[in-house]
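All remarks here apply to the structure that follows.
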Amino acid sequence: MSDTGKTIPQMITGRFQYDDSHTIERYRATDGYAALRKALDMGPEAVHNEVKAASLLGRGGAGFPAGVKWGFCPPGVWPRYIVVNGDESEPGTYKDRLLMERDPHQLIEGVLIAAYAVGCAQAFLYVRGEMAHAQERIAAALNEAYAAGLVGKNILGSNFSCDVILHWGAGAYIVGEETALIESLEGNRGMPRLKPPYFPAAKGLYMQPTIVNNVETLANLPWIIRNGAEAYTSFGAENSRGTRMFAVSGHVKKPGVYEVEFGTTTFRDLIYGVCGGIRGSHTLKAFIPGGASAPWFYEEHLDLPLEAGAVGNAGSMLGSGAVVVMDDTTDAVKAAWRVVRFFARESCGKCTPCREGTSWLEKIMRRMLDGHGRPEDIALLLDLCDNISPQITWPPKQTTICPLGPSAVSPIASAVMRFKDEFQAYCGGGDIPTSVTIGGKAYLPPEGAPAGV
Amino acid sequence: MPRFTAENTILAKEIIGRYPLPKSALIPLLHLAQEQDGHVTEAAMEHIAELCGVTPAEVLGTCSFYEMFKLEPVGKYLINVCTNISCMLLGGEELLHHLEESLDIRPGSTTADGMFTLEDVECIAACTEAPCLTVNYRYFHQISHDEADKLLDDLRAGRRAHEVPVHGVLGKVRQQIPLERRAGAAVPGECETPVWLATSDATEGAGA
Amino acid sequence: MSEQTETTVKITIDGTEVEARDGELVIAAAERAGTYIPRFCWHPRMSPVGMCRMCIVEIDTGRGPALQPSCMIPVSEGMTVTTDSEVTKKAQDGVLEFLLANHPLDCPVCDKGGECPLQDQAYAYGPGESRFVEEKRHFEKPIPISDLVALDRERCILCDRCTRFSKEVAGDTLIHFIDRGNQTQVNTFPDHPFASYFSGNTVQICPVGALTAEPYRFKARPWDLDQVESTCTSCSVGCRVVVQASRNEVLRKQGVDIDGVNWGWLCDKGRFDFQSIHADTRLAEPMVRSDDAHARTSWADALDRSAAAITAALESSGPAGIGVIGGARLTNESAYAWAKLAKGVIGTDNVDCQLGDGLPAEAVLGLPRATIDDVCTPGGTILLVGVDPKDELPVLYLRLRHAIVEDGATLVELVPHATGLTELAAQTLAYAPGTAADVARSLVSAAPVAAGGLEADTIAAAKAALGDGPVRVILGRGNLADSADVIAAAAGHLVGGVDDIAFLSGLRRGNVHGALDAGLAPGVLPGRVSLDDGRQWFHEHWSTVPGARGLDTRGTLQAAADGKLDVLVLLGADPLSDFPDTDLATRALAGARTVIAVDTLQTASVAQADIVLPAAGDAEVAGTTTNLEGRVSRLDQKVTAPGTARPDWVIAAELAFRLGDDLGLESVDDVFAELATVAASHRGLTADAIGVDGVVVPLPVAEEAPAEPAAGTESDVDPEAAEAQADAEAEDTDGSEAEAAPAPGPAVPGGIRFEAPPVSVPQIDGYKLRLVTTRKLYDEGAATAASPSLSKLAPGAAVLLHPHDFDRLGVTSGSQVSISNREGGRGSLTVPVQVSDGVPRGAALLHYLQPGGHASALISSDTVVTDVRVEVVK
Ligand SMILES: Cc1cc2nc3c(=O)[nH]c(=O)nc-3n(C[C@H](O)[C@H](O)[C@H](O)COP(=O)(O)O)c2cc1C
Ligand code: SF4
Ligand code: FES
């Protein structure tokens, strides 16, 4: 897809074509566990350096370089743990489930490589509770791997020993946030910890150094170790190397999950190329570039590359690789309400502004949709948003511990600023208050165009 | 009300043994209880509290935080229809309303025959397959209203038993860790430098 | 929290630079600098959680100002904090509006109304008119979560204070957050109520009216209350409190935070037993026995009769014919006045403030002393002997728990059965009844041997846990069926066997330590001085001084029972309930010619008295009290005593006058001043020195001061020397004239010699079990029984047996058994039996003074141990 014309390897989805992609036989027949062997020969530090050199970015949302994160573990503090974040719950996001269901061994191999490099004595594979099939596939794969001497004590006859424990949640989006994930893994309510002081790499599971990585991030490791950092960095753009999975959903002709070159592909390539464009004879109204928390994008953003920096500068985020496309039939108010309801339902309840604020926002919008909107509601919505995320900027400022609360602000700010008339229709008028400042770039109209077009 | 059966008590203890600290087994054990009884009973929570060395209040605190744990009995089949944005755009709400009519219940309630519980849920990670639903957490992608009704009939008639186990059963395969392969739980305060780091020429540098 | 390095950093708060303690949280630093940052979840004695977000302010550590919860961020050099900017104000207003969104508008009917931080904030910062027009969150209105506390979840703002307290401070996680997000609520597990000894604290720290206490609910509005600061005398920990009253009725007690003692906490007994102040069993008028009934009389008549009885006794049998027991209920001043009356006017040494349920005065006064803070030193080593602090000294239990859990202290237990701290202990030595001394000897020996039913290596493990650093001991009586000598002897082995050792008394009675300091014990005089060492000195101050050591309570009761006692004065003592040998107590009250009861409540013993003198009690008298570490702190009066009840010291003065003497004490201040002059331990003590937090006596004395009062270091003072010195001093000064000035001044003799008594434990007959009797927090003790909210909490009598003995008995848990000591000439009880692995093998645990059976009916105080038969009742 990239203009260079070179063919982009399916680094992590390559085996999806086989029906038995989840079995150890197929995995072995397709270079499976070769990387682990190679890693054991290279030695931990060399492996770590290779991953650093590959500048593999985290795929869970924050996009932090994995190799660098691994280096944050304080020296000499043992044990260290690695926790795989397979809680995939961000609306629009659908990739980790596929990786776990279709190619569990690739993930297990990735986990082992990371554990070996960092010196983790135990690994926990935290799968979202609702993903029964993924749990089945991983359990089966782990049983195969244990039997084959690939996991557990003296892996492949080496002195590297590490149990990989399959663990699963029970339904709570917030548990995807890494410190909440750790709380949950400790058997507690999944409430995020305040950071600092608790960065998982320094103080994580049981306050021990803990690496938390997303499923897709780790799934890249076998390819990187097999083919080397240099091969890996030959794909993608300056600070977005390799490939990346994107789930494109909503009003496109061919919704689906695609592995494309990272950083070079544009939204236009993805939506109009790979996915065949907007369904029927409709036109694009808006799209969410990186999961429900991300400010919305529009026509004018289509030519941005799928690259964290570029998207960030434009005022939104690439997040978890979830692109949700809305065509001209979409009710912006209702779409925004759906996203707000999500955050209201998923608030852990710890911070007042999130616990009370998000559900207040949700109640107001539902009242509007039920036909009881009031002109003052638009101002009220935005002022409450401002109290959750001061100055409604991007990246968001927050009066809360984690970004969940502020995440409920972006859909509202996006929709109100861009589709004010639709809100006014529900509210019988009303306007954007001068009292609140809206700092988010993506919320503001494109140069020239007046607000509310 | 039931505690763990003798068999499940043994399994519970084995699961606890996998973790550095017993409380970490809370969620797996609550799933085990739900698998055993269809929902999480008070007696089970008290039993789990004993096994993990915490108070029943702590178990309830954790249990009630997660929506998959049902403190009251639910239908044999729990139908979760996604109405979050991707599905909403492609008919998720209509699918939900259709099922409300077919089952003649509101979301959050259970049919009189105890067969079905219907829920209006958030994103289930099948966004590109909208509209979709799960039954006891088994996925049904891009499902039309007719297919949905057919599914209900099949479930009633027990024709889907092989794909869809009763509520409470998640993964049908359990992780087995053969004793001789077990590396063992890494308990805080009981670990030194991992041997493979100690012996590698990169002791200090490695991962630090 | 407690440990803060004293290095300081400079930070700027709203433009002004201030010094902050390194490691201190911004919210605390700001408060000390005079800037109050609003907050709901933060509490200085609990770890911060940053939940409510009310305290967010702009904090700039170089990377530009950012809104941060000031309760979570420690200060750092050069940090700038802005609490008054528009941004901060908007954010805080926003949080407040969110908190109020679902909060009911029932302030007018809410207990918290008028003293509610949320209400205050709403007025101070709030936007006024609510913009929340949606349906509020609904929960069932107040639900009881325990016998004492009710919870209104609609008012709750989820600050995590009560839940944090229950987990972090009290260690019983019985309340918890349930459900998630906007539906989050605090609740208990079904049928597992919040049955904690400390539940009242959650009511006190709840920032809204969500938690209310049954004894106070709807009783008053905060603005009707006025209050004084005082000290709790429900036990000897001496927690600081405010006593709040309205219309001469005490309605509420709240904890006050002082570093040295209670950190703001109270136990529920101390918090709620104020109900006994206004109980209808209060004694309001003097009474005399005519035939078999009590008849009301005048004070003049009651006092004349009392004096007459004493005079007659002096004539017929001399001072030895008179005995005074009790006094732990009294203030320091009253205790001194009574000591002066008994020893300095009447001249009897048959005086004992303990009721056979404590330890020899010499053990308490003569051993090297430690304070609560000494015992709780971070990283220190604590040896708990005998007592279960959770049941007998509850707030000390909280301090110990914190020391162990948060501050890395090590606990070793030498106790008659598992305690509330056992699960936190490095080692627990649960000794067979009577054997504490043997185990202690083994524990400090080079090579521990098996003792008291414990394996040698168990004791060795405990020895290892003790290490060879300093050891701080909490020395309590523990088993009331063992003779007090058992623990005293154990203490003897410990002082002999550990180099750096000091003791914190574990005696529980309210002001027992003040009474001991005042000399209300045989063989001692005021100021922690022995009768012999102090005789000379007190001759200077008193009309007389007893010639020889007198009888303790047991001896006095025995004498009475044998018809050898003419007058028995019960000074707030109820031997029929409190003396661990009801049989002897009963014979004693029958045998004494005249029984004079000075008390506040109608008790079983008062009912037997010939003359009843009603005393003013808790919250009705001013003065000072002394806690278990020797801390003297103020008691203040809030209400007037019922009827004509009088302070105990006034009664003593009146009696002295009628005995033709004069105590020379006109006011509480007189008594205090005299105490501070004549008592070595209280020398130089002044109201200023006591201040708000109280002060541990003896005060540190300037170098040149001649005689260091006994700080145990002198426990081996040579009596001759001390006496000689006393003489010398007595020469060059007229003590009675000397006013309360710190040293140098008249050297007051000091020093108590502690000699461990010998004990030998008899063999046990294989068919019997050896009785263990310890106290629960709630029993049928006078104050609890007279407090309706508490009386119902006593667990009730039951025999607890080790699984082995339980199985041998072949009964089911809860079935009735008879427990008896007929061979010992004592009674028998029928109570339910339960199994407990916290009880040593061969022992039967029966808690003291429980409804359904008083263990004291079985105990023979004349033997070292009490053996009982436990039999199935057919
Ligand atoms: C509210 C919230 C939800 C999140 N959900 C997920 C998730 O479902 N999966 C995930 O991998 N990361 C999630 N994250 C990001 C994680 O906190 C963490 O950054 C990530 O797992 C790190 O892995 P990576 O560095 O490999 O991306 C979430 C973060 C937030 C604030
Ligand atoms: S922002 Fe919301 S989800 Fe995040 S910690 Fe606070 S309350 Fe929980
Ligand atoms: S007081 Fe700081 S967040 Fe509550």
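This one's a predicted model, so the numbers in the text were calculated from it and none came from an experiment.
Side chains of B:Arg181 and A:Val151 form no contact here, defined as non-hydrogen atoms less than 4.5 Å apart. A:Phe160 is not listed as a side-chain neighbour of B:Pro194, based on a closest heavy-atom distance of 4.5 Å or more. Side-chain contact between A:Ser184 and B:Ile27 is present, with heavy atoms from C-beta onward closer than 4.5 Å. In this structure, A:Glu186 and B:Lys23 have side chains that are not in contact, with every pair of non-hydrogen atoms separated by 4.5 Å or more. Residues B:Met68 and A:Arg128 are not in side-chain contact: their nearest non-hydrogen atoms beyond the backbone lie 4.5 Å or more apart. Annotation: side chain of A:Arg279 is in contact with side chain of B:Leu90 (closest heavy-atom distance under 4.5 Å). Taking 4.5 Å as the limit, some side-chain heavy atom of B:Ser24 sits within range of a side-chain heavy atom of A:Tyr206. Under the 4.5 Å side-chain criterion, counting only non-hydrogen atoms from C-beta, A:Lys334 is in contact with B:Glu93.
Atoms CE and CG, on A:Met131 and B:Leu170 in that order, are 12.5 Å from each other to the nearest 0.5 Å. Taking CG of B:Leu60 as the reference point, atom CZ of A:Arg189 lies at 9.0 Å (rounded to 0.5 Å). If you take CG on A:Asp163 and CD on B:Gln175, they are separated by 8.0 Å, rounding to the nearest 0.5 Å. With values rounded to the nearest 0.5 angstrom, A:Glu101 atom CD is found 7.0 Å from B:Tyr139 atom OH. Atom-to-atom distance recorded for B:Leu26:CG and A:Asn188:CG is 8.0 Å, nearest 0.5 angstrom. In this structure, the separation between SG on B:Cys123 and CD on A:Glu88 is 8.0 Å, given to the nearest 0.5 Å.
The aromatic rings of A:Tyr116 and B:Trp196 sit parallel to each other, their planes meeting at less than 30°, with 60° as the upper class boundary.
Here the side chain of A:Glu136 pairs a donor or acceptor atom with the backbone of B:Lys172 at under 3.5 angstrom. A donor-acceptor pair is defined here as one N or O able to donate and one able to accept, closer than 3.5 Å; such a pair exists between the side chain of B:Thr62 and the backbone of A:Gly187. For the pair B:His31 (side chain) and A:Gly169 (backbone), a donor-acceptor distance under 3.5 Å is present.
Only the backbone of B:Arg174 comes within less than 4.5 Å of a heavy atom of chain A; no side-chain atom from C-beta onward does. Interface residue A:Gln208: only side-chain heavy atoms are found under 4.5 Å from chain B. Heavy atoms of B:Pro20 lying under 4.5 Å from chain A belong to its backbone as well as its side chain. Using a 4.5 Å cut-off between heavy atoms, B:Glu67 contacts chain A through both its backbone and its side chain. Neither the backbone nor the side chain of A:Tyr173 comes within contact range of chain B; no heavy atom of the residue lies under 4.5 Å from a heavy atom of that chain. If you measure heavy-atom distances from B:Ala185 to chain A, the contacts under 4.5 Å come from both the backbone and the side chain. For B:Ala126, the parts lying under 4.5 angstrom from a heavy atom of chain A are both the backbone and the side chain. Heavy-atom distances place no part of A:Val51 under 4.5 Å from chain B, backbone and side chain included. In this structure, chain B has heavy atoms under 4.5 Å from both the backbone and the side chain of A:Arg341. Of the atoms belonging to A:Ile165, heavy atoms from both backbone and side chain fall under 4.5 Å from chain B. Looking at A:Cys120, the atoms closer than 4.5 Å to chain B (heavy atoms on both sides) all sit in the backbone: N, CA, C or O. Heavy atoms of A:Ala115 lying under 4.5 Å from chain B belong exclusively to its backbone. Contacts of A:Glu183 with chain B are absent, with no heavy-atom separation under 4.5 Å from either backbone or side chain. With a 4.5 Å cut-off on non-hydrogen atoms, A:Val175 touches chain B through its side chain but not through its backbone. Heavy-atom distances place the side chain of A:Ile174, and not its backbone, under 4.5 Å from chain B. Contacts between B:Glu180 and chain A at a heavy-atom distance below 4.5 Å involve the backbone alone (N, CA, C, O). The contact between B:Glu129 and chain A is made entirely by side chain atoms (from C-beta outward), counting heavy-atom distances below 4.5 Å. Contact annotation for A:Val248: only backbone heavy atoms (N, CA, C, O) come within less than 4.5 Å of a heavy atom of chain B.
Closest of all the heavy-atom pairs between A:Arg338 and B:Glu122 is O-OE1, 4.5 Å. For A:Thr330 against B:Leu89, the heavy-atom pair with the smallest separation is CG2-CD2, 3.7 Å. Across every non-hydrogen atom of B:Ile85 and A:Ile288, the tightest pair is CD1-CD1, 4.1 Å. The minimum heavy-atom distance between B:Phe65 and A:Met191, with the atom names listed, is CE1-CG, 4.1 Å. Looking at every heavy atom in both residues, A:Ala172 comes nearest to B:Tyr66 through CB-CD2, 3.7 Å.
Across B:Gln34, B:Glu58, B:Arg182, B:Glu190, the residue that shares the most heavy-atom pairs under 4.5 angstrom with chain A is B:Arg182. When B:Asn136, B:Leu29, B:Ile124, B:Val54 are compared by the number of non-hydrogen pairs under 4.5 Å with chain A, B:Ile124 comes out ahead. Comparing A:Gly92, A:Ala121, A:Ala201, A:Ala336 by how many heavy-atom pairs each has under 4.5 Å with chain B, the most go to A:Gly92. Taking chain A as the reference chain and counting heavy-atom pairs below 4.5 Å, the highest number among B:Gly189, B:Pro178, B:Gly61 is found for B:Gly61. Of all the listed residues (A:Ser89, A:Cys162, A:Pro255, A:Gly190), the one sharing the greatest number of non-hydrogen pairs under 4.5 Å with chain B is A:Gly190. In terms of non-hydrogen atom pairs under 4.5 Å with chain A, the most contact-rich of B:Thr134, B:Ile177, B:Val169 is B:Ile177.
A:Tyr94 and B:Ser86 share no side-chain donor-acceptor pair at under 3.5 Å.
Residue pairs satisfying the ring pair (Phe, Tyr, Trp, His ring centres under 6.0 Å) criterion with at least one member in residues 7-28 of chain B, sequence neighbours excluded, are listed as follows: A:Phe124-B:Tyr19, A:His167-B:Tyr19.
Looking at residues two or more places apart in sequence or on another chain, you find no salt bridge (charged side-chain N to carboxylate O under 4.0 Å, His left out) involving B:Lys13.
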